[in-house]
Amino acid sequence: MEEEVEDLVGGKLEKTVDEVVEDHVGALGVSQVMHVLLVSLALIFDSQTTLVTIFTDAQPTAWRCKEEHAPSYTACVAAASLGADGVCGAPLGSWDWVGGSRSSTIAEWGLVCDRKFLAAMPASLFFLGSLLGSFMYGKLADSWLGRKKAMLVSCLLTSITSFITSLSPNVWVYVALRFANGFFRSGIGICCLVLSTEVVGRKWRGQVGQCGFFFFTAGFLSLPLIAYSTRSSWREIYRILSLLPLAYAIFVLPQVSESPRWLLVRGRSKEALEVLKKFARFNGQKLPNNVCLANPSAGQGKVGCEGGAPTTSKSLWHAKWAAKRMLTLMIAGLGIGFVYYGIQLNAENLNFNIYFTVALNTISEIPAVFLGSILLGFTNRRLLLSLSACTAGISCLLCILFSSEDHKGTGKPTHSKRVGKSLERSWLQLLTEGIGFMAASTAFDVLYIYCVELFPTNVRNFAVSMLRQAFMLGASISPLLVAVGHLSPSLSFIIFGALSISSGLLSLWLPETRNAPLYETLEQQEEEEKQSSASKVSDLELGEKSRVSTT
């Protein structure tokens, strides 16, 4: 266990943020619980904005011939006998979509047949925008803007772009606005996770991080309800979703405190101490009058208790150990993000009602988050991450056994005698896919918390943003694979499975962080991890010598 640092400097008691939280504020009190809940509310509309295209860009369920269009009616009926794909052979203007032409972007702009792959572009460009936006918000939140203000900017711009998206005149403007929406919303998830975990004791970081994912799941679960009530107009969904981030920015975010760790490394130690005093007061605790915050800095022991200039440190990419760690995380995150988002977007390739499938996937995420919260309390992060990712991959591969290549988007097998068998296979596929999604959800959540613990305060938001970029890169590719899945479900499941298993195996190269302290700078973390490693080696050598001498 790390020794507690208590130095009297000019009559003042100097402690790290971790020590003040553990000794005086409380590892997890009422004030931190309220703080975490207020911060995590933002993840409700973050998930809605992320996954809304499951419904707005959904393939219409069916089409019908227009009886009044007499000249082409016979040809249209002949094309209809071929199933959903027969629409490509029906004469133009002789048919319309069941549910109306405004039920989805595909219906309104005719993104079928030779324009089919255009349907994947909005989701792909949204995730690409999130990828690029994560880099910007990561830098801003670690530097002069801070976590709280970065969230404020992200919420306001998310609201604006969501509303403007509802006014899109054509698919190209829609794609551009989805890109902008993804770019601006990317700061929400990054800052929520870091703001939540930086104010609690080390044993509660995993559970607090998982709490945010409950809200993400709640937002996801609300989507089928919103989408079903507005199923006749995809534009109405965006208008409703644009109100939530605006309300949050105006009424909720002002009640949230800035991270004391960020304030400290920016040289604002007095403000950081005031935040900690506020948390302690609501917890029924009180900080000693002479306590002050120690701020590790490059080449020095501690910066004194009088504040000072912001801590300077080398870039994450200039620290060899940190760069290797970050690249390993990003490669693992690429595969896990691909599978996590891909399985959700792939709901339309399963032979079930899309509202039912999405709701079932969301409900399956609730026990995944709950189970992950429990396991993070006593299980190593590395082992839990690896097992979850590999389980997700194996489940995807098993889905191949139950996929049916004779489904051509109609939701019905082409041979009526095989209805019973096909229905049984569909249920087995849905069950297996649900297990895979639970495991992918656990891996996704754990990897975020793992990233928070692997890097120090002055680059923590940037590290989380880089991981998020990897997630978003994987997510931006997944809609293309979902489109391929219309033609070959087995191929999509093979790729999902292979990437997930590879990510699980790769994560075994990362160091363990359970119950480790949160460091403030790269230099401090490098030095103390080396000392900790040397201490473990010495203990092993002493134990070996003792065993030999006893023998």
Side-chain angles (χ1 to χ4, degrees), residues 43 46-47 50-51 123-139 141-142 154 179 182-183 185-194 209 212-213 216 315-317 319 321-345 381-382 384-386 388-390 392-393 396 439-455 459-481 495-511 513:
L43 291 172
D46 184 51
S47 66
T50 302
L51 300 167
S124 290
L125 267 292
F126 174 87
F127 289 122
L128 183 60
S130 295
L131 185 156
L132 299 176
S134 295
F135 179 81
M136 180 192 75
Y137 281 112
K139 295 292 288 185
D142 277 334
S154 187
F179 174 86
F183 184 92
R185 56 68 65 173
S186 58
I188 296 172
I190 298 170
C191 297
C192 279
L193 181 63
V194 176
F213 296 118
F216 189 91
S315 163
L316 181 152
W317 299 115
W321 65 271
K324 286 182 178 179
R325 193 173 290 184
M326 190 74 255
L327 287 173
T328 304
L329 268 177
M330 290 179 69
I331 296 172
L334 174 67
I336 292 173
F338 185 91
V339 175
Y340 176 76
Y341 287 108
I343 289 177
Q344 296 174 74
L345 297 173
R381 275 72 163 131
R382 181 172 53 191
L384 181 57
L385 172 61
S386 181
S388 299
C390 289
C396 288
S441 175
T442 301
F444 185 87
D445 298 350
V446 171
L447 192 55
Y448 259 130
I449 295 164
Y450 204 1
C451 183
V452 167
E453 297 178 337
L454 282 169
F455 297 95
V459 296
R460 186 170 295 124
N461 242 97
F462 178 73
V464 174
S465 75
M466 294 303 295
L467 174 62
R468 194 176 181 87
Q469 286 185 65
F471 281 145
M472 293 303 105
L473 180 59
S476 67
I477 303 171
S478 61
L480 301 178
L481 186 61
I495 297 175
F496 281 143
L499 280 175
S500 189
I501 292 172
S502 299
S503 296
L505 296 176
L506 182 64
S507 64
L508 294 174
W509 292 93
L510 294 167
T513 60

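Nothing here was measured: the structure is a model prediction, and the numbers come from that model.
T513 places a side-chain heavy atom less than 4.5 Å from the side chain of Y450. Here the side chains of M472 and L128 are not in contact, with every heavy-atom distance at 4.5 Å or above. By the 4.5 Å heavy-atom criterion applied to side chains, I449 and V452 are not counted as neighbours.
Between S47 atom OG and F216 atom CZ the span is 5.0 Å, to the nearest 0.5 Å. Put simply, CG on L454 and CE on M326 are 8.5 Å apart, with the number rounded to the nearest 0.5 Å. The distance from atom CZ of F496 to atom CD1 of I501, rounded to the nearest 0.5 Å, is 13.5 Å. The distance from atom CD1 of I331 to atom OG of S507, rounded to the nearest 0.5 Å, is 12.0 Å. Note that CG of L506 and OG1 of T328 are 5.5 Å apart. Values are rounded to the nearest 0.5 Å. A distance of 4.0 Å separates CZ of R381 from CD of E453, quoted to the nearest 0.5 Å.
The two residues L447 and G333 come nearest to each other via the heavy atoms CD2-CA, 3.6 Å. The two residues L385 and A443 make their nearest non-hydrogen contact at CD1-O, 3.4 Å. Between L316 and A322, the shortest heavy-atom contact is O-CB, 3.7 Å. A pairwise comparison of heavy atoms in S503 and G335 identifies OG-CA, 3.3 Å as the closest pair.
Judged by distance alone, the side chain of S186 and the main-chain N or O of F183 form a donor-acceptor pair under 3.5 Å. Looking only at distances, a side-chain donor or acceptor of S500 sits under 3.5 Å from a matching main-chain atom of A389. S386 places a side-chain N or O within 3.5 Å of a backbone atom of G504 that can act as its donor or acceptor partner.
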Start with the C-alpha distance between Y340 and S441, add both sets of side-chain angles, then the distance that settles side-chain contact (heavy atoms from CB on, under 4.5 Å), and finish with yes or no.
CA-CA 6 Å; Y340 176 76; S441 175; 3.9 Å; yes
Let's go through F127 and T50 carefully: what are the C-alpha distance in whole Å and the side-chain angles of both, what is the deciding distance for side-chain contact (heavy atoms from CB on, under 4.5 Å) to 0.1 Å, and is it a yes or a no?
CA-CA 8 Å; F127 289 122; T50 302; 3.6 Å; yes
Could you walk me through whether F471 and I336 satisfy the side-chain contact (heavy atoms from CB on, under 4.5 Å) test, starting with their C-alpha distance in whole Å, then the side-chain angles of each, then the deciding distance to 0.1 Å, before giving a yes or no?
CA-CA 7 Å; F471 281 145; I336 292 173; 4.1 Å; yes
What do the steps show when you test I190 against S134 for side-chain contact (heavy atoms from CB on, under 4.5 Å), and what is the final call?
CA-CA 8 Å; I190 298 170; S134 295; 3.9 Å; yes
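Below 30°, between 30° and 60°, or above 60°: for W321 and F455 the angle between ring planes is below 30°, a parallel geometry.
Between R460 and D142 there is no salt bridge, since no side-chain N of the basic residue sits under 4.0 Å from a carboxylate O of the acidic one.
Between F179 and F126, the ring centre distance reaches or exceeds 6.0 Å. A centroid separation of less than 6.0 Å is found between the aromatic rings of Y341 and F444.
Side-chain contact of S130 with R185: a donor-acceptor pair under 3.5 Å is present, judged by distance alone. Side-chain contact check for R468 and Y448: at least one donor-acceptor pair (N or O, by modelled atom type) lies under 3.5 Å.
Remark: W509 CH2 is loosely packed, at most 12 non-hydrogen atoms of other residues, nucleotides or ligands lying under 6.0 Å away.
When S154, S465, C191 are each tested for a side chain to side chain contact (heavy atoms under 4.5 Å, CB included) with Y137, only one passes: S154.
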